[in-house]
Trainee: 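I'd like to ask you about the structure that follows.
If you read the sequence from its start, that first residue is 1, and numbering goes on from there.
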Amino acid sequence: QVQLVESGGGLVLAGGSLRLSCVAPRSIFSTSTMAWYRQAPGKQRELVADISRNGGITSYVDAVQGRFTISRDNAKSTVYLQMNSLKPEDTAVYFCNAVQWGINHWGQGTQVTVSS
């Protein structure tokens, strides 16, 4: 069972910032597209952002474009999600995802709560 470990979630006021981190096994990380998903209560899990293996290509869901930044440090096998100008509607459990050779690997999730 592949272990992706997220950290960095918490409670923040609207307009504030958080940075999420996710560490993956090196054997997985180096050959995987990495992504962040989120799932709000009563809603389906949605893709927030993803980043290519070398970090050269990123994409974002429209709702976070311009506010969130995904990045990766291949030397540390870590992917980050910098979240700025947070809104109450960003409240969700955020999951790290690695896709390696068509196989999805998931973290356990980290709660982000944005209070107005």
Trainee: Has R53 got more than 12 heavy atoms of other residues, nucleotides or ligands less than 6.0 Å from its CZ?
Mentor: no
Trainee: Within the side chain of R72, is there an N or O that forms a donor-acceptor pair under 3.5 Å with the backbone of G55?
Mentor: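 No, the answer is negative, given that no donor and acceptor are paired below the 3.5 Å cut-off.
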Trainee: Please check this pair: side chain of E6 against backbone of C96, looking for a donor-acceptor N/O pair closer than 3.5 Å.
Mentor: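 Here the side-chain-to-backbone pair exists.
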Trainee: Are V112 and V79 linked, directly or through other ILVMFWY residues, by side chains that come within less than 4.5 angstrom of each other?
Mentor: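 V112 clusters together with V79.
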Trainee: Quick check: closest heavy atoms across Y60 and A49, and the distance to 0.1 Å?
Mentor: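 Scanning both residues, the minimum pair turns out to be CD2-CB, 3.5 Å.
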Trainee: How close do P88 and S116 get, heavy atom to heavy atom, and via which atoms?
Mentor: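 P88 and S116 have their closest heavy atoms at CG-CB, 3.9 Å.
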Trainee: Which heavy atom in D90 sits nearest to a heavy atom in V64, and how many Å separate them?
Mentor: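 Closest heavy-atom pair between D90 and V64: OD1-CG1, 4.5 Å.
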Trainee: Decide yes or no on side chain to side chain donor-acceptor pair (under 3.5 Å) for S59 and D50, but give the supporting numbers first.
Mentor: CA-CA 6 Å; S59 65; D50 60 16; 2.4 Å; yes
Trainee: Restricting to non-hydrogen atoms, name the atom on V5 and the atom on Q108 that form the minimum distance, rounded to 0.1 Å.
Mentor: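 Smallest heavy-atom distance, with atoms named: CA-OE1, 4.0 Å.
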Trainee: Report the distance from atom CG of L81 to atom CE of M34, rounding to the nearest 0.5 Å.
Mentor: 11.5 Å
Trainee: Under 4.5 Å between side-chain heavy atoms, counting indirect links through other Ile/Leu/Val/Met/Phe/Trp/Tyr residues: same cluster for M83 and I51 or not?
Mentor: yes
Trainee: When Ile, Leu, Val, Met, Phe, Trp and Tyr are grouped by side-chain heavy atoms lying under 4.5 Å apart, directly or through other members, which residues fall in the same group as I57?
Mentor: none
Trainee: Using 0.5 Å steps for rounding, measure from the OG atom of S77 to the CG atom of L4.
Mentor: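 Separation between the atoms: 11.0 Å.
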Trainee: For residues 11-27, tabulate all N or O donor-acceptor pairs below 3.5 Å that involve a side-chain atom, not counting sequence neighbours.
Mentor:
from, atom 1, to, atom 2, distance (Å)
S17, OG, N84, OD1, 2.9
R26, NH2, A75, O, 3.1

Trainee: Taking only residues at least two apart or on different chains, which pairs with a member in residues 93-103 satisfy side-chain hydrogen bond (donor to acceptor under 3.5 Å, both in side chains)?
Mentor: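 Qualifying pairs: T31-Q100, R38-Y94, N97-N104.
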Trainee: Just so I know, are the side chains of I28 and H105 near enough to count as touching, which here means a heavy-atom distance under 4.5 Å?
Mentor: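 I28 vs H105: side chains touch.
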Trainee: When you measure from the side chain of T113 to the backbone of T91, do you find a donor-acceptor pair of N or O atoms at a distance under 3.5 Å?
Mentor: no
Trainee: Of the non-hydrogen atoms in W36 and I70, which two are nearest, and what is the gap between them?
Mentor: CD1-CD1, 3.7 Å
